[in-house]
K.L.:
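Below you'll find the structure I mean.
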Amino acid sequence: MTDSLKNLKLVNKNAFQHDLIEWFSNEQRDLPWRKDKNPYKVWVSEIMLQQTRVDTVIPYFNRFIEQFPTINDLADAEEEKILKAWEGLGYYSRVRNLQSAVKEVKEKYGGKVPDTKEEISTLKGVGPYTAGAILSIAYGVPEPAVDGNVMRVISRILSIWEDIAKPSTRKTFETAIYELISHENPSYFNQALMELGALICTPTSPSCLLCPVREHCHAFHEGVENELPVKTKAKKQRQVQLAAVVIRESEKTVIHKRASSGLLANMWEFPTVEVTSPFMFDKSYVEALMMEELGIEVKLGQAVGKIEHVFSHLKWDIQVFDGVLKAPIKEDENLKMVSPEEIVEYPFPVPHQKIMKQFYNEE
DNA sequence: TACTCGTGGTT
DNA sequence: TAACCAAGAGT
């Protein structure tokens, strides 16, 4: 693994830093989280940007900061509100961890985001990348912030052939960045690597002729920029068959809150059960499951449609039924009857938003 | 380590 | 269309 950094000492460090930072100074995108270096805003942006595209994040970031302008505002918010603000972004534990961490900053650090690697890394949801990003961008600390962009860019610059899909590989790149990072401007150095990965040094067909650090790039000189980075393939999603019911009772419908851990934790949904093998979508079977698992006595009507939704690791195939209650539900924290006006206040995952749109709200 | 955890845009 | 991809972290 040390051998994969054999080109590290061959890089003209000062020239590389200069070319990279100069390019970023001139070409960086105008993004809302780049307006100031407020550690809280930097933090929020970095959590949102995890595995999520810039264009997707922008409107969420603006709304989130407007709704929760400070650490105190977020710390004091109801979980339902923060999940609603995150609705549609995915990876919902990110925002629950963020609020948990923000509460800790409020209580243990007097509301000031920690500025050391050791302290900030103890916060929920702040891993090696996010710690380095906040420290370098908000506080000017020369720590690496190794994300997918950085691994791709540096794998090409240094011609590193380690598999970037393996968790242990990140350390190789951190070692490289510790050596290469500008101590005069660690913020721009880290952001420039990511910006370069996003705009120039893209996964397929990188624009090497436009690259400000082309002359420092070993992969370009060896003509192997399209072979790097090495990344093993992800395995296919597992299929899950679900039955959901849209219950109509005098202009209202029944919604259910999911478990507090696991997939889509604490999000709301139309009553849903997983069905397996032979009896797949048999109505009386689904009715029995609804009673056993959710305590809902429902009479299923027509199968009104089908929703398909692909997650990173599984695929939902939802058969949607119409239905009416055979007996009133016992409303509690996790089971409610709501009107069309009320339902919009609850956070729903996208597949159930699709159900709402197609089979409940829409005419 | 390998798996879990979302979503939407690209190829 | 299916696969791939995007500023990862928790377990």
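Chain A is the first sequence line, chain B the second, and so forth, proteins listed ahead of strands; every chain is numbered from 1. All values reported here derive from a predicted model rather than from experimental measurement.
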K.L.:
Is it the case that the side chain of Q302(A) and the backbone of D322(A) share a donor-acceptor pair, with hydrogens and angles ignored and the cut-off at 3.5 Å?
P.N.:
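No.
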
K.L.:
Below the 4.0 Å mark, does dG10(C) have OP1 or OP2 next to a side-chain nitrogen or oxygen of S93(A)?
P.N.:
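The answer is no; no side-chain N or O of S93(A) sits under 4.0 Å from OP1 or OP2.
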
K.L.:
Choosing from dT1(B), dG8(C), dG8(B), which nucleotide comes nearest the side chain of V350(A)?
P.N.:
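Of the options given, the side chain of V350(A) lies nearest dG8(B).
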
K.L.:
For G301(A), does its backbone N or O pair with a side-chain atom of K283(A) as donor and acceptor, under 3.5 Å?
P.N.:
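Yes; judged by distance alone, with no hydrogens or angles, the pair exists.
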
K.L.:
Which residue, L49(A) or N97(A), contacts DNA chain C at a nucleotide closer to its 5' end, judged by nearest heavy atom?
P.N.:
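Result of the comparison: L49(A).
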
K.L.:
Name the nucleic acid region contacted by K124(A), choosing base, sugar-phosphate or nothing; use a 4.0 angstrom heavy-atom cut-off, strictly under.
P.N.:
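Counting heavy atoms under 4.0 Å across all strands, the contact made by K124(A) is with sugar-phosphate only.
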
K.L.:
What distance, rounded to whole Å, do you find between the two C1' atoms, one in dA6(C) and one in dC5(B)?
P.N.:
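It works out to 15 Å between them.
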
K.L.:
Figure out the CG/P separation between L123(A) and dA9(C), and round it to whole Å.
P.N.:
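Rounded to whole Å, this separation is 12 Å.
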
K.L.:
Quick check for you: among dA2(B), dG6(B), dT7(B), whose closest atom lies nearest to any side-chain atom of R94(A)?
P.N.:
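Minimum distance to the R94(A) side chain belongs to dG6(B).
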
K.L.:
What is the nucleic acid contact for V126(A), judged by heavy atoms within less than 4.0 Å: base, sugar-phosphate only, or nothing?
P.N.:
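Result for V126(A) = sugar-phosphate.
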
K.L.:
Measure CZ/R238(A) against C1'/dC5(B) and give the value in whole Å, please.
P.N.:
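In whole Å, dC5(B) C1' and R238(A) CZ are 12 Å from each other.
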
K.L.:
OP1, OP2 of dC3(B) versus side-chain N and O of H313(A): anything below 4.0 Å?
P.N.:
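For dC3(B), neither OP1 nor OP2 has a side-chain N or O of H313(A) closer than 4.0 Å.
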
K.L.:
For M48(A) and dG8(B), what is the distance between atoms CE and C1' respectively, to the nearest whole Å?
P.N.:
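So the CE-C1' distance, M48(A) to dG8(B), works out to 16 Å.
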
K.L.:
Taking the side chain of T204(A) as its heavy atoms from C-beta onward, which of dT11(B), dG6(B), dT1(B) lies nearest to it?
P.N.:
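Given the options dT11(B), dG6(B), dT1(B), the side chain of T204(A) is closest to dT11(B).
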
K.L.:
Where each residue is assigned the nucleotide of DNA chain B containing its nearest heavy atom, which of L264(A) and K235(A) is assigned the position nearer the 5′ end?
P.N.:
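In this pair, the answer is K235(A).
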
K.L.:
Judged by each residue's nearest nucleotide on DNA chain C, which is more toward the 5′ side, I47(A) or R53(A)?
P.N.:
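On the 5' side of the pair lies R53(A).
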
K.L.:
Give R258(A) one of three labels, base, sugar-phosphate or nothing, depending on what nucleic acid heavy atoms sit under 4.0 Å from its own.
P.N.:
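Nothing, no nucleic acid heavy atom in range.
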
K.L.:
Just call it for W316(A): base, sugar-phosphate, or nothing, with non-hydrogen atoms closer than 4.0 Å on any strand.
P.N.:
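No contact.
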
K.L.:
Between W86(A) (CH2) and dA9(C) (P), how many Å, whole number?
P.N.:
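Result: 13 Å.
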
K.L.:
Of all the nucleotides listed (dA2(B), dA6(C), dC5(B)), which has the minimum atom distance to the side chain of P167(A)?
P.N.:
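When the side chain of P167(A) is considered, dA2(B) is the closest of dA2(B), dA6(C), dC5(B).
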
K.L.:
Should R170(A) and E174(A) count as an ion pair when the cut-off is N to O under 4.0 Å?
P.N.:
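Here R170(A) pairs with E174(A) in a salt bridge, since their nearest N and O are under 4.0 Å apart.
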
K.L.:
Angle class for the H352(A)/F348(A) ring planes (parallel below 30°, perpendicular above 60°, tilted otherwise)?
P.N.:
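Correct class here is tilted.
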
K.L.:
Between D163(A) (CG) and dA2(B) (C1'), how many Å, whole number?
P.N.:
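In whole Å, dA2(B) C1' and D163(A) CG are 13 Å from each other.
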
K.L.:
Should the side chain of T130(A) and the base of dG8(C) be counted as holding a donor-acceptor pair, with the cut-off at 3.5 Å?
P.N.:
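No pair found.
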
K.L.:
Just by distance, no angles: are the side chains of Q28(A) and Y188(A) close enough, under 3.5 Å, to form a donor-acceptor pair?
P.N.:
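Distance-only check passes for Q28(A) and Y188(A).
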
K.L.:
For V310(A), which contact category applies under a 4.0 Å heavy-atom criterion: base, sugar-phosphate, or nothing?
P.N.:
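Base contact.
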
K.L.:
Over how many whole Å does the gap from I58(A) atom CD1 to dG8(B) atom C1' extend?
P.N.:
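Distance, rounded to whole Å: 15 Å.
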
K.L.:
If we take the P atom in both dT11(C) and dG6(B), what is their distance in whole Å?
P.N.:
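These two P atoms come out 14 Å apart once rounded.
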
K.L.:
Respond yes when some side-chain nitrogen or oxygen of R152(A) is under 4.0 Å from OP1 or OP2 of dA6(C), and no when none is.
P.N.:
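For dA6(C), OP1 or OP2 has a side-chain N or O of R152(A) closer than 4.0 Å.
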
K.L.:
Heavy atoms only, 4.0 Å cut-off, all strands: where does G88(A) land among base, sugar-phosphate and nothing?
P.N.:
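Here G88(A) touches the backbone only, sparing every base.
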
K.L.:
Whether the side chain of T56(A) and the base of dG9(B) hold a donor-acceptor pair under 3.5 Å is what I'd like checked.
P.N.:
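Not at all, since no donor on one side and acceptor on the other fall under 3.5 Å apart.
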
K.L.:
Calculate the interatomic distance between Q51(A) atom CD and dT10(B) atom C1'; express it in whole Å.
P.N.:
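Q51(A) atom CD is separated from dT10(B) atom C1' by 16 Å.
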
K.L.:
Counting only side-chain nitrogens and oxygens, does Y92(A) get under 4.0 Å of the OP1 or OP2 atom of dT7(B)?
P.N.:
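Checking Y92(A) against dT7(B): at least one side-chain N or O falls below 4.0 Å of OP1 or OP2.
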
K.L.:
What's the closest nucleotide to the side chain of L263(A) if the choices are dA6(C), dG6(B), dG8(C)?
P.N.:
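Minimum distance to the L263(A) side chain belongs to dG6(B).
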
K.L.:
Applying the side-chain hydrogen bond (donor to acceptor under 3.5 Å, both in side chains) criterion to N266(A), which one of E79(A), R258(A), K257(A) satisfies it?
P.N.:
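Going through E79(A), R258(A), K257(A) one by one, the side-chain hydrogen bond (donor to acceptor under 3.5 Å, both in side chains) with N266(A) is satisfied by E79(A) alone.
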
K.L.:
Salt bridge or not between R63(A) and E66(A)? Use side-chain N to carboxylate O under 4.0 Å.
P.N.:
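So R63(A) does not pair with E66(A) through a salt bridge.
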
K.L.:
Over how many whole Å does the gap from L314(A) atom CG to dT4(B) atom P extend?
P.N.:
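Value for this atom pair: 8 Å.
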
